[in-house]
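Note that the numbering runs from 1 along the sequence shown for the chain. Only a predicted model underlies this, so the values are computations on that prediction, with no experimental measurement involved.
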Amino acid sequence: MTSIRKTLFISDLHLEESQPQLTHQFLSFLQSCDPSSVDALYILGDFFEAWIGDDHETPLHSTLIKALKSATEAGLTIYFMHGNRDFLVGQRFMQQTGCQLLAEETKIMLYHTPVLLLHGDTLCTKDQAYLKTRKKLRHPLIQKLFLWLPLSMRKKIAANMRATSKQYTQSASSETMDAVQTTVVQTMQKHAATHLIHGHTHKPGFHQFKFISNDIGLRLVLGAWHERGNVLIWHASGKKELIEFRNE
Ligand SMILES: [Mn+2]
């Protein structure tokens, strides 16, 4: 008998107040995740377009927190990994939603396959300017200082940073913004993983390659959510499919 069990992966929803149809898309996707067949839902970063602290309460945030909470209470296991836009999502959010926070490089055994999970930004090693900024922003002390600022000030700083980042992203080449194969191989070998799942690049697809050992590696890239939702379904049988869907 074939198993109907499966594990789901999503990333780069970039949920924000000004895109209510995206939130709607996610909420109905979440509703469709049946805990009796879905072993876990992994959110691999950039779930939110921006996050300036768990104390920043907005209607969007409370809608999503409520929905995630009822999903986890209904028995769905949800893992949450930070992206480059929502790395400040903290413990309070995890407590409120029942989601479990994952470290930035997490290796799992998925139906007997060693799979490495990451957001994907650290694979873009051609983009040294970004990686330098990242290092500063991820410093615990910098984060503490930022979160200590009043919300109004955090909002201003975040808006400025988003504008700068937008300008930079538009000027940087598509190659600069993509995963570097040697980095992919090194990172996978470090974790002894044959498979890698990540998002961030917004270039969904499966990439197969050979390690020096001749072993086959597979990199599965998740798609961003725009008008359509995107999910990677990894079946217990080993079958993997990248699905685009749209609510009617
Ligand atoms: Mn990203």
Side-chain angles (χ1 to χ4, degrees), residues 4-104 106 108 117 119-120 147 151 154-155 158 162 197-200 202 204 222-235 241-248:
I4 54 151
R5 305 206 65 86
K6 58 196 174 189
T7 300
L8 309 179
F9 298 87
I10 58 172
S11 73
D12 304 281
L13 286 77
H14 297 275
L15 299 176
E16 58 178 324
E17 215 83 46
S18 63
Q19 306 275 340
Q21 78 290 355
L22 266 181
T23 305
H24 177 68
Q25 186 100 280
F26 172 70
L27 293 176
S28 63
F29 164 77
L30 190 62
Q31 284 258 311
S32 74
C33 295
D34 178 2
S36 67
S37 63
V38 175
D39 285 322
L41 166 65
Y42 285 85
I43 301 173
L44 297 186
D46 289 356
F47 179 67
F48 295 105
E49 172 69 4
W51 193 266
I52 56 171
D54 291 359
D55 57 338
H56 182 218
E57 289 161 9
T58 71
L60 173 74
H61 296 165
S62 44
T63 303
L64 290 166
I65 287 169
K66 222 191 264 172
L68 290 166
K69 181 183 163 66
S70 49
T72 56
E73 279 180 350
L76 185 68
T77 303
I78 307 179
Y79 294 103
F80 191 102
M81 185 179 274
H82 289 147
N84 50 300
R85 295 181 166 277
D86 55 7
F87 61 89
L88 285 175
V89 173
Q91 277 314 319
R92 177 169 150 192
F93 178 87
M94 302 304 149
Q95 276 155 16
Q96 286 173 324
T97 58
C99 292
Q100 300 170 54
L101 185 64
L102 294 177
E104 64 176 273
T106 296
I108 58 168
L117 310 175
H119 175 58
L147 292 173
L151 265 173
R154 276 183 264 161
K155 276 183 202 164
R162 279 172 73 190
I197 301 174
H198 71 84
H200 181 69
H202 299 196
L222 308 173
W225 289 38
H226 296 294
E227 287 87 42
R228 289 162 192 275
N230 257 283
V231 60
L232 167 66
I233 307 176
W234 187 309
H235 299 268
E241 30 179 9
L242 211 45
I243 306 277
E244 244 193 10
F245 58 89
R246 185 179 203 150
N247 299 324
E248 294 316 318

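Among pairs with a residue in residues 26-38, those fulfilling side-chain hydrogen bond (donor to acceptor under 3.5 Å, both in side chains) read Ser28-Asn247, Asp34-Ser36, at least two apart in sequence or across chains.
Residues forming a side-chain hydrogen bond (donor to acceptor under 3.5 Å, both in side chains) with His119 (at least two apart in sequence, or on another chain): Asp46, Asn84, His200. Among residues two or more places apart in sequence or in another chain, the side-chain contact (heavy atoms from CB on, under 4.5 Å) test is passed with Ala50 by Arg162. Applying the side-chain hydrogen bond (donor to acceptor under 3.5 Å, both in side chains) criterion to Arg228, with sequence neighbours excluded, gives no partner residue. Taking the side-chain contact (heavy atoms from CB on, under 4.5 Å) definition, one finds that Ala67 meets it with Leu27, Leu30, sequence neighbours left out. With sequence neighbours left out, the salt bridge (charged side-chain N to carboxylate O under 4.0 Å, His left out) criterion links Lys69 to Glu73.
Between the Trp51 side chain and the Phe87 main chain, no donor and acceptor come within less than 3.5 Å of each other. Proximity of a side-chain donor or acceptor of Asp54 to a complementary backbone N or O of Arg92 within less than 3.5 Å is detected.
Distance check, rounded to the nearest 0.5 Å: CG of Leu102 to CG of Leu44 gives 7.5 Å. Atom CG of residue Leu8 and atom CG of residue Leu41 lie 6.0 Å apart, to the nearest 0.5 angstrom.
Taking the six-membered ring for Trp and the full ring otherwise, the centers of Trp225 and Phe29 sit less than 6.0 Å from each other. In this structure, the ring of Phe48 has its center less than 6.0 angstrom from the ring center of His61.
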